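Following: one structure in structure tokens, then a few remarks.
For reference, positions follow the sequence shown, starting with 1. Predicted, not measured: the structure shown is a model, and the values here were computed from it. When reading the values below, keep in mind they use all heavy atoms of this one structure, side chains included, and skip hydrogens, waters and symmetry mates.
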Amino acid sequence: DPETPEMQLFHYYRRQSQPEWMKLAKQVPIYGIWDDHDFTTNDGWGGPDIDKPKWKRKVWEIFKENYDNPYYGGGEKQPGCWFDFWIGKVHFVLIDGRYYRESPRSKDNPSMLGPAQMKWLRQTLKKPATFTVLCTNVPMTPKVKPGSKDTWDGFAAERQKIFQFIADQKIPGVIILSADRHRSDAYKIDTGIDGMYPLYEWQSSRLTNQHVHGLIKHSLFGYNEKQSFGRVDFDLKAADPTVKYTIINIDGKPIHNLTVKRSELQFK
């Protein structure tokens, strides 16, 4: 409920009072970007204005109190939930798909990111890295939520601009992490751009959910039988560095995995 700060605070307090959460947070660095239910109502958006609707900034302030990210968008002058950080030579780029999102139903070629964030994203993606991990709140792969415009399917022109920028700048080693679907999946995206390598997208969204979404036929693989999470392992010491995605269920059992070599993520 974006207009009731007390409700938002209550849910964060409830989460943080759980011993399981305390144990996790003591041992593992946690970075967070939001999706619809962290920011507004189901499948909702904020629109292009900084302070309209008027509840946006307060929701942002409460979220900042509960996730210790390196920075938040452009700060007070340009609120948002985008940032980047590094682990070795792996560059994580996390984007905000809600604060400035336009309605996917009200105009042609709506924007999910807004101009300020798109400018930041272009500059940030160009930083040299062995792997660049683009983290987005909703899936980029087409048709993983059939009939819905809440994913990047509702913002197809902007999605293609991002892909084209990666191609024009010849940025190697890009993979995508996403969420929102109540299952764990792996996908391979053909961008349709000549000479561009395929983009692998790995999704993980059923860590605690009871509500399950069905598997998608065009996924490389998927899992929804039990709660699960996706683990991503990097081997940067190999002659040809690798990144491996593994779906692990709530019992700690590895279910599916996929390893991609850096040489597979380069331009011809």
Side-chain angles (χ1 to χ4, degrees), residues 1-87 90-102 111-121 123-124 133-138 150 177-182 203-211 227 229-232:
D1 180 355
E3 297 186 73
T4 308
E6 295 83 0
M7 179 66 76
Q8 299 158 43
L9 291 168
F10 166 75
H11 284 289
Y12 286 120
Y13 293 157
R14 187 174 68 168
R15 177 196 71 179
Q16 286 157 204
S17 70
Q18 302 302 313
E20 296 87 352
W21 174 266
M22 294 179 188
K23 183 179 178 182
L24 176 70
K26 286 177 181 178
Q27 299 180 59
V28 180
I30 297 172
Y31 303 88
I33 53 174
W34 52 23
D35 199 28
D36 47 356
H37 295 286
D38 311 289
F39 178 67
T40 184
T41 52
N42 189 50
D43 291 358
W45 53 85
D49 297 320
I50 290 176
D51 287 304
K52 295 180 182 177
K54 62 182 181 180
W55 49 260
K56 290 170 69 171
R57 189 179 287 269
K58 184 62 176 177
V59 173
W60 178 66
E61 290 171 351
I62 292 173
F63 192 87
K64 285 199 302 175
E65 292 173 357
N66 288 280
Y67 284 96
D68 189 23
N69 293 329
Y71 61 95
Y72 272 86
E76 295 292 333
K77 292 183 179 179
Q78 191 76 56
C81 191
W82 66 82
F83 58 94
D84 70 322
F85 67 91
W86 295 77
I87 298 178
V90 181
H91 187 200
F92 293 85
V93 181
L94 294 88
I95 59 178
D96 179 344
R98 295 293 169 180
Y99 198 101
Y100 297 101
R101 176 191 285 237
E102 297 173 328
S111 173
M112 184 185 294
L113 305 184
Q117 183 177 187
M118 182 60 79
K119 180 180 179 181
W120 167 87
L121 180 61
Q123 294 170 342
T124 304
V133 185
L134 178 60
C135 303
T136 174
N137 55 307
V138 291
D150 185 58
L177 301 185
S178 66
D180 184 55
R181 304 291 76 217
H182 300 186
Q203 299 177 24
S204 172
S205 297
R206 208 197 156 197
L207 183 60
T208 59
N209 267 306
Q210 290 293 95
H211 176 215
Q227 283 81 2
F229 65 94
R231 190 182 73 201
V232 184

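Between the side chain of Arg14 and the backbone N or O of Phe10 there is no donor-acceptor pair closer than 3.5 Å. Checking side-chain atoms of Asn209 against main-chain N and O of Gln227 turns up no donor-acceptor pair under 3.5 Å. In this structure, Trp60 contributes its side chain and Gly80 its backbone to a donor-acceptor pair below 3.5 Å. Within the 3.5 Å criterion, the main-chain N or O of Gly73 finds no donor-acceptor partner in the side chain of Gln117.
Looking at heavy atoms from C-beta onward, Thr208 lies out of side-chain contact with His182 at the 4.5 angstrom threshold. Under the 4.5 Å side-chain criterion, counting only non-hydrogen atoms from C-beta, Pro79 is in contact with Tyr99. Under the 4.5 Å side-chain criterion, counting only non-hydrogen atoms from C-beta, Pro115 is not in contact with Met118. Residues Pro48 and Glu102 have side chains in contact (heavy-atom distance under 4.5 Å, counting atoms from C-beta outward). Annotation: side chain of Thr136 is not in contact with side chain of Leu94 (no heavy-atom distance under 4.5 Å). Considering only heavy atoms from C-beta on, Val138 stays 4.5 Å or farther from Arg181 through its side chain. Put simply, the side chain of Trp45 does not reach to within 4.5 Å of the side chain of Thr40, judged on heavy atoms. Looking only at side-chain heavy atoms (C-beta outward), Pro5 and Ile62 come within less than 4.5 Å of each other.
The six-membered or imidazole ring of Trp120 lies away from that of Phe83, with a centre-to-centre distance of 6.0 Å or more. Centroid-to-centroid, the aromatic rings of Tyr31 and Phe85 come within less than 6.0 Å.
Residues Ile33 and Asn137 share a closest heavy-atom pair of CD1-N, 3.9 Å. Scanning both residues, Gly32 and Cys81, for their nearest heavy atoms gives O-SG, 3.6 Å. Nearest heavy atoms, Met22 versus Ser17: CE-O, 3.6 Å. The two atoms that bring Ser111 and Gly114 nearest to each other are OG-N, 2.8 Å, heavy atoms only. The two residues Ile50 and Lys56 make their nearest non-hydrogen contact at O-CE, 4.1 Å. Nearest heavy atom pair, residue Asn42 against residue His37, reads OD1-NE2, 3.0 Å.
Distance CZ/Arg101 to CG/Leu113: 9.0 Å, rounded to 0.5 Å. Remark: Met112 CE to Asp150 CG distance equals 7.5 Å, nearest 0.5 Å.
Taking the six-membered ring for Trp and thresholds of 30 and 60 degrees, Tyr12 and Phe63 have ring planes more than 60 degrees apart, a perpendicular arrangement.
Not a single ring-ring contact (aromatic ring centres under 6.0 Å, His included) links Tyr100 to another residue, sequence neighbours left out. Residues meeting the side chain to side chain donor-acceptor pair (under 3.5 Å) test with Glu3, sequence neighbours left out: none. Remark: Thr4 pairs with Asp1, Glu6, Met7 by the side chain to side chain contact (heavy atoms under 4.5 Å, CB included) rule, at least two apart or across chains. For Glu65, the side chain to side chain contact (heavy atoms under 4.5 Å, CB included) test picks out Leu9, with sequence neighbours left out.
Side-chain N/O atoms of Trp34 and Asp96 include a donor and acceptor closer than 3.5 Å.
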**OP:** Could you go through the side chain to side chain contact (heavy atoms under 4.5 Å, CB included) check for Val133 and Val93 one step at a time?
**Re:** CA-CA 6 Å; Val133 185; Val93 181; over 6 Å; no

Original post:
Can Gln203 and Asp180 be said to form a side chain to side chain contact (heavy atoms under 4.5 Å, CB included), step by step?
Top reply: CA-CA 8 Å; Gln203 299 177 24; Asp180 184 55; over 6 Å; no

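Checking Tyr72, Tyr67, Tyr71 one by one against Asn69, the side-chain hydrogen bond (donor to acceptor under 3.5 Å, both in side chains) holds for a single residue, Tyr72.
Contacts classified as salt bridge (charged side-chain N to carboxylate O under 4.0 Å, His left out) and involving residues 67-83 (residues at least two apart or in different chains) are given here: Arg57-Glu76, Lys64-Glu76. The stretch residues 33-46 participates, sequence neighbours left out, in these salt bridge (charged side-chain N to carboxylate O under 4.0 Å, His left out) pairs: Asp35-Arg98, Asp43-Lys145.
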